[in-house]
Amino acid sequence: MSDQPNDFIRQRIKQDIADGTVSGGVVTRFPPEPNGYLHIGHAKSICLNFGVAEEFGGYTYLRFDDTNPLKESDEYVDAIQADVAWLGFHWGDHLTFASDYFDQLYEFAVQLIEQGKAYVCSLSGEEIRVGRGTLTEPGTDSPYRDRPVSENLDLFERMRSGEFPDGAHVLRAHIDMASPNINMRDPVLYRIRHAPHQRTGDAWVIYPMYDFTHCICDALEGITHSLCTLEFEDHRPLYDWVLDNINVNFHPPQIEFSRLGLEYTVMSKRLLNQLVDEGSVSGWDDPRMPTLAGLRRRGVTPGAIREFCRRVGVTKQDNVVEMNLLEFCVRQDLEATACRGMAVLDPLKVVITNYDGAGETLEAPWHPQNAELGVRELTFARELFIERADFELEPPRKYKRLSPGAMVRLRYGFIIRCDEVITDDQGAVMELRCSYFPDSRSGSDTSGLKPKGVIHWVSAEDGKPTEVRVYDRLFQTPNPGAASLADDLNPKSLVLRQAVVEPAVMASDERRFQFERLGYFCKDDERPDAFNRTVTLRDSWRPPA
RNA sequence: UGGGGUGUCGCCAAGUGGUAAGGCACCGGGUUUUGAUCCCGGCAUUCGCAGGUUCGAAUCCUGCCACCCCAGCCA
């Protein structure tokens with residue numbers, strides 16, 4: 001919660017400020033491609049980029065990297081903005097799109113051509129691939145590599161005007177086909193795509209590639225620290241090459257950090273997409289998804305995600321963080337803020353044989369440590385439901401719940417004793433007959449009885465039957481593989497329960513609750529009478545050996 | 001077999017030549033009308049391995065080893 005992070009990137013920034021390398025404040029950017037939903041891995045980047053700008057008195061651009069009209073759409077740009085805002089970060093009026101710079105990008109490309117540093121290559125895609133060589137063998141020069149400048153200029157202009165079909169030509173950087181870094185073997189800068197763009201419509205039929213676009217946008221926006229993930233490390237020489245060879249007076253440093261890995265889930269857009277397409281989940285916002293939309297629907301708070309990102313840190317080490325850290329952050333946040341309530345997920349009927357009143361009202365605090373949250377009323381009556389798991393015909397040693405002849409306290413209510421167990425032909429427990437101790441009422445207990453345990457309960461008549469979705473990890477394998485995605489799915493990642501919930505919880509405007517002894521739950525966005533389990537409570541009980 | 005990275009406790013992660021922070025998890029114990037929370041305590045003689053430099057090395061040097069990324073007209 002406290003401790004300002006001081007990772008290697010922040011150390012670098014402090015050094016830059018001390019050196020006078022950055023004068024006007026730190027400017028960063030979060031540059032998502034609008035072709036999918038944001039996930040918790042993006043949250044790490046968002047927290048980093050917006051975080052450092054905030055800490056060092058600067059600002060952050062939310063810049064959509066929309067250079068590939070075939071894959072991108074407005075649906076995603078809206079969702080991404082909603083997610084970033086939900087996480088708690090603000091870009092103010094620094095909302096941009098790579099496509100805002102298409103004109104300038106084109107001019108910079110012309111500059112490169114004029115200097116003989118870019119050329120129009122008319123090889124086919126396949127020929128370019130072959131010509132690039134392999135990891136261990138150098139590439140070979142394109143036959144078009146030394147086209148005269150005037151011809152390149154003319155061809156590029158005609159590419160833009162729509163004269164050629166897709167794939168007929170590309171603009172390539174003139175660097176080094178023998179470079180050990182494959183990204184430097186005359187990378188493609190522009191390709192022809194006769195496709196309407198979601199923002200520029202049909203204004204363009206050529207679109208710039210990432211490597212050409214990203215660095216220039218960074219420079220034009222005065223990004224003082226261009227933070228990206230490790231897989232772009234190999235692209236840094238190209239990032240620098242482009243900026244060194246065009247007439248732009250700003251050159252941001254690209255600094256790479258490792259992406260977030262999380263156990264029992266996947267973090268690539270491709271795999272997430274596959275889960276949605278194959279119907280393994282209900283959508284991008286399925287509460288089992290690691291997407292921000294999914295986590296939100298699950299009941300995870302933005303604060304918990306921010307805290308998680310802070311605790312995870314920023315380094316260059318590959319990492320796979322245990323799910324229990326995320327769960328810890330969620331519990332920590334909800335423990336302090338969530339109202340308590342009672343719900344029985346797997347009801348077992350209990351009849352209080354010596355109670356013949358019509359029912360009586362009990363009072364319970366919404367939060368045991370925070371009286372400001374107030375109280376709510378519960379009804380104690382002759383027929384109740386308790387959790388099936390809170391009764392054991394043959395209890396293990398140290399068992400603190402209910403069993404034949406044993407006593408237990410009903411949370412906020414009375415102490416009861418199990419006198420009789422009703423079973424069916426198969427021996428399955430159908431109902432419990434118990435007696436209660438009238439002088440053991442919570443808060444005014446004069447019975448002198450000291451039952452070992454406390455269990456939750458809901459009045460049978462008052463309790464509201466409703467659906468509770470009990471979520472668990474999406475995969476049963478810590479590091480699910482792309483090849484075995486379907487096989488790795490956890491068949492119990494979603495269990496539907498017909499539960500009974502106390503009426504005050506149903507009536508409350510609150511969304512998130514702790515159902516005592518069970519976990520944290522959240523009213524579903526789309527179906528507010530149903531609850532999604534966010535996370536269980538920590539449970540250190542295990543039967544003695 | 002080319003290039004770029006990374007290797008510190010089960011998982012994250014500090015440490016930048018002066019003798020291994022912290023968190024999560026885990027294991028004790030205390031409080032408790034949630035087997036929760038909270039509170040105390042424990043948890044790396046050792047930093048991928050092997051040599052070397054040094055009074056002193058996780059930190060410097062040399063050589064190995066392991067893992068990750070790169071051959072889209074994706075980002």
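Throughout, protein chains are lettered first and strands after them, A, B, ... in sequence-line order, and every chain is numbered starting at 1.
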Rounding to an integer number of angstrom, what distance separates [N] and [M] when you compare their [atom1] atoms?
N     : M     : atom1 : answer
B:C65 : B:C27 : P     : 40 Å
B:A71 : B:A14 : P     : 29 Å
B:C47 : B:C60 : C1'   : 16 Å
B:G56 : B:C70 : C1'   : 42 Å
B:A57 : B:G51 : C1'   : 14 Å
B:C64 : B:C55 : P     : 28 Å
B:U59 : B:C73 : C1'   : 46 Å
B:C12 : B:G4  : C1'   : 24 Å

Give [X] one of three labels, base, sugar-phosphate or nothing, depending on what nucleic acid heavy atoms sit under 4.0 Å from its own.
X      : answer
A:Y190 : nothing
A:T67  : sugar-phosphate
A:F64  : nothing
A:Y210 : base
A:H214 : nothing
A:R236 : nothing
A:N68  : sugar-phosphate
A:G443 : base
A:R411 : base
A:L123 : base
A:P368 : base
A:L325 : sugar-phosphate
A:S540 : sugar-phosphate
A:I128 : base

[X]: what forms a salt bridge (Lys or Arg N to Asp or Glu O under 4.0 Å) with it, not counting sequence neighbours?
X      : answer
A:R376 : A:E502
A:R29  : A:D218
A:E387 : none
A:E263 : none

B:A66: pairing nucleotide in any strand, Watson-Crick or G-U under 3.5 angstrom:
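Pair assignment: B:A66 / B:U6.
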Which nucleotide, if any, forms a Watson-Crick or G-U wobble pair with B:G56, using both distances under 3.5 Å?
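No nucleotide pairs with B:G56.
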Anti versus syn assignment for B:G72, with syn defined as within 90° of 0:
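For B:G72, whose glycosidic angle is within 90° of 0, the conformation is syn.
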Using the ring pair (Phe, Tyr, Trp, His ring centres under 6.0 Å) criterion, which residues pair with A:Y144? Sequence neighbours excluded.
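So A:Y144 forms no ring pair (Phe, Tyr, Trp, His ring centres under 6.0 Å) with any residue.
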Name all residues meeting the side-chain hydrogen bond (donor to acceptor under 3.5 Å, both in side chains) criterion together with [X]; count only those two or more places apart in sequence or in a different chain, and write none if there are none.
X      : value
A:T477 : A:D488
A:Y76  : none
A:E126 : A:R129

A:Y207 six-ring face occupied by A:R193 cation (under 6.0 Å, within 45°):
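No, A:R193 and A:Y207 do not form such a contact.
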Scan side-chain atoms only and decide if A:N319 and A:Q317 contain a donor-acceptor pair under the 3.5 Å cut-off.
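Per modelled atom types, A:N319 and A:Q317 side chains form no pair under 3.5 Å.
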Contact residues, [range] to RNA chain B [heavy atom, < 4.0 Å]:
range                       : answer
residues 473-482 of chain A : none
residues 313-320 of chain A : A:V314, A:T315, A:K316, A:Q317, A:D318, A:N319, A:V320
residues 163-173 of chain A : A:G167, A:V170

Once you measure the plane-to-plane angle for A:F513 and A:W366, does it fall in the parallel (<30°), tilted (30-60°) or perpendicular (>60°) bin?
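A:F513 vs A:W366 ring planes: tilted.
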Determine the interplanar angle of the A:Y106 and A:W204 rings, folded into 0 to 90°, and report it as parallel if under 30°, tilted if 30 to 60°, perpendicular if over 60°.
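If you compare the ring of A:Y106 with that of A:W204, the planes turn out tilted.
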Does A:F8 or A:Y412 map to a spot on RNA chain B nearer the 5' end, using the closest nucleotide for each?
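Closer to the 5' end of RNA chain B: A:F8.
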Between A:Q369 and A:R409, which has a closest nucleotide on RNA chain B that is more 5'?
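Upstream on the strand: A:R409.
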Is A:E163 atom CD crowded by more than 12 heavy atoms from other residues, nucleotides or ligands, each under 6.0 Å away?
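Enclosed.
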Assess whether atom CD of A:E394 is packed by more than 12 heavy atoms of other residues, nucleotides or ligands within 6.0 Å.
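Open: at most 12 neighbouring heavy atoms sit under 6.0 Å from CD of A:E394.
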Between which nucleotides of RNA chain B, read 5' to 3', does contact with chain A run, using atoms under 4.0 Å from its heavy atoms?
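The footprint of chain A covers B:G2 to B:A75.
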Carefully, step by step, assess A:Y436 and A:F414 under the rule ring pair (Phe, Tyr, Trp, His ring centres under 6.0 Å).
CA-CA 7 Å; A:Y436 87 118; A:F414 297 87; 5.1 Å; yes
Taking every non-hydrogen atom, the tightest pair across A:N183 and A:L238:
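Nearest pair, atom of A:N183 first, then A:L238: O-CD2, 3.7 Å.
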